[in-house]
Amino acid sequence: MSEFLENMNERQAEAIQATEGPLLVMAGAGSGKTRVLTHRIAYLVSKGVNPYNILAITFTNKAAAEMKERTEQLVGRQAYRIWISTFHAMCVRILRQNIEHLGYGSDFGIIDDADQISVIKDVMRSLNMDPKLRPPKYFLARISEAKNKLQFPGDLKLENLTDKDVGEVYERYQAILVQNNRVDFDDLLLLTVRLLREQPEVLAFYQDKFQYIHVDEYQDTNHAQYNIVKLLADKHRNICVVGDSDQSIYSWRGADVGNILSFEKDYADAKIIKLEQNYRSKQMILDAANDVIKHNYSMYEKKLFSDLGEGSKVRLYNASAGDEEVRHVLREIKKLSEDKYRFGDCTILYRTNSQSRLFEQTLRMANIPFRIVGGMSYFKRKEIKDIIAYLRLILSIDMNPDDLSFLRIVNEPKRGIGATSIERLRGEAGMAEASLFDTISETLDILGSTAINRLMHFKRLIQELASVVDDYTIGDFIERVLDITGYRNMLIAEETIESLARIDNLEEFKSVAITFEKDILPDLLEEEGSEQKAGDLTTSEKLALLLNDLMLQTDVKEENEEEVEEGEDNKVTLMTIHAAKGLEFPVVFIVGFEEGLFPIYSAVEEGGDAIDEERRLAYVAITRAKELLYISNSRKRMHNGNYMTNKPSRFLTEIDENRFEVRAPKRSFTLASNAPLPSKQKPKKPVGVVAAKNLGKGQIFSSGDKITHPSFGDGVVVSADGPTVSIAFGAEHGIKKLMASHPAIKKR
DNA sequence: ACACTGTGAGTTTTT
DNA sequence: CTCACAGTGT
């Protein structure tokens with residue numbers, strides 16, 4: 001027996017050995033699908049399949065990284081020859097080699113959503129469209145939807161005037177991208193389909209290369225992704241897709257469960273294997289999950305079971321108000337932390353991001369460490385996008401100076417170059433059909449001399465930096481850019497909480513870049529099978545590779561291991577249910593389990609499929625828990641400024657009541673409604689004191705304290721909330737938010 | 001050119 | 001309630 005079949009259950013072993021022909025693995029939550037996939041790949045290699053001929057596609061970078069690592073543990077260094085990547089990264093790789101067939105340059109850049117919006121805004125302005133009537137976001141969503149369905153501007157259905165507008169915006173938007181040799185995330189998929197369809201020899205090459213194809217989370221594929229897989233698998237037909245139709249929660253983003261459900265139709269000889277044994281949760285939790293999901297129609301009904309023991313009942317709590325629910329969760333977390341659990345074992349899951357705030361505030365006040373997953377992703381932060389824009393502009397000025405990057409940072413830090421100057425420059429550049437950067441010249445007669453001087457100064461600054469890139473390492477060059485451009489000084493001078501956090505983020509960026517140069521780049525070249533050694537590359541070449549790599553990253557890697565060992569990571573985790581997919585936690589609190597919130601109001605209105613998707617979301621949430629599951633809701637809560645009263649979620653009634661242990665104090669209706677609502681006023685002084693103590697830096701402020709600051713002068717503390725103090729300085733500086741621990745703040 | 005103030009909108013977001 | 005953005009005032 002192959003070593004890769006050890007400790008597998010029968011179904012898993014079957015999935016691993018069914019290497020030839022189409023295979024659909026319906027893998028329930030926690031059924032060990034990643035393990036099956038990695039062992040299947042290892043099994044293939046052990047059977048003599050060349051790693052070069054294996055492909056494994058995931059959706060997230062994290063999943064790809066994990067699969068790569070686990071595969072390497074099984075088969076060693078040759079794992080590097082296997083393409084294990086996300087859909088998007090795979091497409092970039094294919095397109096870099098072949099995109100010239102489609103009229104783009106192989107050094108195409110990838111545009112992110114913020115830049116997409118600004119292009120759409122420009123387009124709308126040029127078409128005299130009112131952004132209030134139809135916001136840029138709307139057009140972007142429609143364009144994305146069209147691209148996912150492989151539709152071009154001409155393919156759009158024209159049922160009303162808006163559709164016509166969408167078509168026009170789409171057309172111009174696309175033209176601008178092509179002009180700038182840029183593609184968006186959807187283009188990566190769309191262009192790959194086009195390439196494979198239009199270039200038979202390219203298709204043949206990849207069909208021959210990828211003799212064994214694996215797709216993870218197949219239920220989340222959209223139409224374009226479906227087509228890519230289908231095209232690639234068409235010759236050898238050794239296609240293994242893994243997924244769970246019950247965990248399809250991204251239909252609103254174009255994911256089509258139909259893809260996994262019709263797999264049998266696409267491949268009549270498909271083998272289908274269901275993985276129902278769960279290795280994650282206690283049976284009670286799975287029973288609750290099974291109860292919920294059986295209310296959805298399912299083509300492949302699954303019933304999860306585990307041999308990890310029955311476990312405790314699901315703990316239910318019905319609060320009368322939002323903050324009471326929060327206090328209950330905190331109380332339970334405290335109790336657990338005094339018993340056999342750590343803060344890091346506990347996770348709070350909610351339907352909408354806005355629910356996090358109450359928890360955040362209360363946790364902070366209670367001095368319980370926590371982290372919020374999600375929110376603004378690292379690479380979307382202003383300072384990160386700014387430094388990337390600087391680097392991109394610097395690298396691009398030789399060939400084709402990048403307008404989008406230019407516009408982003410030409411006045412960041414403030415150089416006195418305002419909207420009027422930029423508009424005039426744009427007009428001139430448009431006529432000359434040149435880039436903005438190249439259009440700047442001393443003899444530009446449409447601008448005043450001050451504006452010209454400032455622009456020229458900026459131009460020289462960038463040229464100067466561009467001329468010395470190759471004298472530095474990546475890390476040192478980034479350092480240099482931050483210094484020379486005045487970017488760092490701008491942040492230092494600002495001295496607000498935000499600006500200091502930005503400096504930290506830029507430091508983090510530098511270390512990401514250094515890690516890339518030292519560790520990732522050599523691997524990358526090895527993966528490509530390139531003859532080149534990392535040492536042979538110039539800094540500009542390395543930077544270009546870094547920028548490409550970054551565009552596909554949405555998050556920084558996990559915190560480094562030292563921190564975890566020191567217990568720094570012993571924090572309660574807060575996140576949306578969507579963000580929790582694929583993760584597991586010993587203790588899970590699902591909060592806001594109410595009609596109107598979960599299922600969310602809009603889904604209740606829509607009914608049908610929308611409710612089914614909410615139900616799948618509930619299923620995902622429940623199956624995240626390993627040992628303890630708490631579900632809570634509130635009769636009344638503050639939402640968007642006013643109170644709303646909600647009934648308990650219908651999903652609760654779908655679960656057999658024997659699986660619950662009701663924890664809420666039995667209150668009669670009258671008692672609850674007569675009881676004074678917990679007072680909302682926060683005791684002002686203690687808040688600041690507690691927070692300051694929390695930081696342990698000895699700075700304790702409360703409102704009214706007189707302080708002095710080296711650059712802002714004298715001020716008075718207005719409020720102290722958490723680690724932040726708001727201080728009123730003179731009229732010149734106004735109210736600033738600073739960190740309580742900031743050494744520059746001195747009491748007078 | 002920039003800071004301030006008022007208005008409007010507020011599900012989820014792997015790349 | 002609170003955040004983001006657009007429009008106004010200096």
Side-chain angles (χ1 to χ4, degrees), chain A residues 57-65 85-92 110-113 116-117 121 130-132 135-137 140-141 144 147-148 183-189 216-217 219-222 224-225 247-255 322 349-358 361 373-377 379-380 411 414-422 450-451 454 549-555 575-583 592 596-606 610 613-614 616-617 620-621 637-644 680 731-735:
Chain A
I57 315 174
T58 62
F59 272 82
T60 67
N61 290 311
K62 202 176 159 195
S85 74
T86 64
F87 266 104
H88 296 265
M90 172 184 81
C91 291
V92 169
I110 300 165
I111 183 172
D112 67 30
D113 23 346
Q116 285 180 288
I117 292 279
K121 276 186 185 162
D130 180 3
K132 272 184 203 142
K137 269 189 163 174
L140 200 54
S144 173
K147 286 186 174 180
N148 286 159
V183 303
D184 61 26
F185 282 120
D186 302 316
D187 280 336
L188 290 172
L189 306 172
D216 194 12
E217 306 278 17
Q219 79 282 353
D220 287 338
T221 48
N222 64 31
Q225 290 161 333
Q247 291 188 66
S248 155
I249 55 174
Y250 283 106
S251 73
W252 47 275
R253 278 189 87 202
L349 301 182
Y350 35 78
R351 175 68 242 264
T352 69
N353 276 311
S354 61
Q355 288 169 261
S356 72
R357 244 219 339 258
L358 256 185
Q361 285 169 353
V373 176
M376 177 99 62
S377 96
F379 290 102
K380 282 187 180 152
N411 200 29
K414 301 272 172 282
R415 299 186 172 92
I417 302 169
T420 350
S421 307
I422 293 302
T450 351
R454 289 170 178 169
D549 195 64
L550 287 184
M551 290 315 292
L552 294 173
Q553 300 279 338
T554 44
D555 250 313
M575 65 178 110
T576 63
I577 298 163
H578 282 92
K581 190 170 158 216
L583 306 176
L597 244 190
F598 195 10
I600 201 153
Y601 180 70
S602 56
V604 175
E605 284 225 306
E606 254 183 79
E613 180 140 330
E614 295 291 303
R616 291 192 290 269
L617 204 49
V620 169
R637 75 169 66 240
M638 179 79 100
H639 189 243
N640 294 352
N642 37 32
Y643 275 106
M644 52 191 258
K680 280 204 69 194
E732 200 190 332
H733 294 107
I735 295 181

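All values derive from a computational prediction rather than experimental measurement. Chain naming here is simple, since letters A, B, ... match the order of the sequence lines and numbering starts at 1 in each.
With A/Glu613 contributing its side chain and A/Ser251 its backbone, the two residues share a donor-acceptor pair below 3.5 Å. With hydrogens and angles disregarded, no donor-acceptor distance shorter than 3.5 Å links the side chain of A/Gln225 to the backbone of A/Leu189. Counting only distance, with no hydrogens or angles, the side chain of A/Arg351 and the backbone of A/Leu597 share no donor-acceptor pair below 3.5 Å. A/His88 places no side-chain N or O within 3.5 Å of a backbone atom of A/Leu552 that could act as its donor or acceptor partner. For A/Arg454 (side chain) and A/Gly416 (main-chain N/O), a donor-acceptor pair under 3.5 Å exists by modelled atom type. A donor-acceptor distance shorter than 3.5 angstrom exists from the side chain of A/Asn411 to the backbone of A/Ile417, with no hydrogens or angles considered.
If you take CG of A/Leu617 and C1' of B/dT13, they are 13 Å apart, rounded to a whole angstrom. Atom NZ of A/Lys380 is separated from atom C1' of B/dT13 by 7 Å (rounded to the nearest Å). A/Asp220 has its CG atom 8 Å from the C1' atom of B/dT14, to the nearest Å. With rounding to whole Å, A/His639 atom NE2 is found 7 Å from B/dG10 atom C1'. Rounded to a whole Å, the CD atom of A/Glu606 is 13 Å from the P atom of B/dT11. In this structure, A/Tyr350 places its OH atom 16 Å from C1' of B/dG10, rounding to the nearest Å. Look at CG on A/Leu583: it is 12 Å from P on B/dT14, rounded to the nearest Å. A/Asp112 has its CG atom 14 Å from the C1' atom of B/dT13, to the nearest Å.
In this structure, the aromatic ring of A/Trp252 is positioned over the six-membered ring of the base of B/dT12, centres within 5.5 Å and planes within 30°.
A/Asn353 comes within 4.0 angstrom of sugar-phosphate atoms only, judged by non-hydrogen atoms across all strands, and of no base. Nucleic acid contact class of A/Asn411 (heavy atoms, under 4.0 Å, all strands): sugar-phosphate only. Within the nucleic acid shown, A/Ala419 comes within 4.0 Å of sugar-phosphate atoms alone, with no base atom in reach, counting heavy atoms only. Counting non-hydrogen atoms under 4.0 angstrom, A/Ile417 reaches the backbone sugars and phosphates but no base. A/Phe87 comes within 4.0 angstrom of nothing in the nucleic acid, heavy atoms only. A/Asn61 comes within 4.0 angstrom of the backbone, heavy atoms only, and of no base. Contact annotation for A/Lys581: no contact, since no heavy-atom pair falls under 4.0 Å across all strands. Using a 4.0 Å heavy-atom criterion, one finds that A/Thr352 contacts the sugar-phosphate atoms exclusively.
With DNA chain B read from its 5' end, the first of the two nearest nucleotides for A/Glu614 and A/Ala255 is the one closest to A/Glu614. Along DNA chain B, the nucleotide nearest to A/His578 and the one nearest to A/Thr420 differ in position, and the one closer to the 5' end is contacted by A/Thr420.
The side chain of A/Asn640 places no N or O atom within less than 4.0 Å of a non-bridging phosphate oxygen (OP1 or OP2) of C/dC3. Contact check, A/Thr576 against B/dT13: a side-chain N or O comes under 4.0 Å of OP1 or OP2.
Separation of the P atoms belonging to C/dC5 and B/dT12 is 16 Å when rounded to the nearest angstrom. Comparing the C1' positions of C/dC3 and B/dT14 gives a spacing of 25 Å, expressed to the nearest Å.
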Interface polar pairs with nucleotides 6-8 of chain C, N/O, under 3.5 angstrom:
none

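Considering only side-chain atoms of A/Ser421, the nucleotide from B/dA1, B/dT13, B/dC2 that sits closest is B/dA1. Proximity note for A/Ser602 (side chain, C-beta onward) versus B/dT11, C/dC1, B/dA1: the nearest is B/dT11. Here C/dC3 is the nucleotide among B/dT14, C/dC3, B/dT12 with the atom lying nearest to any side-chain atom of A/Arg357.
Salt-bridge check for A/Asp113 with A/Lys380: passed, with a basic side-chain N closer than 4.0 Å to an acidic carboxylate O.
In this structure, CD on A/Gln116 lies 13.0 Å from NZ on A/Lys121, to the nearest 0.5 angstrom.
Partners of A/Asp112 under the salt bridge (charged side-chain N to carboxylate O under 4.0 Å, His left out) rule, at least two apart in sequence or in another chain, are A/Lys385.
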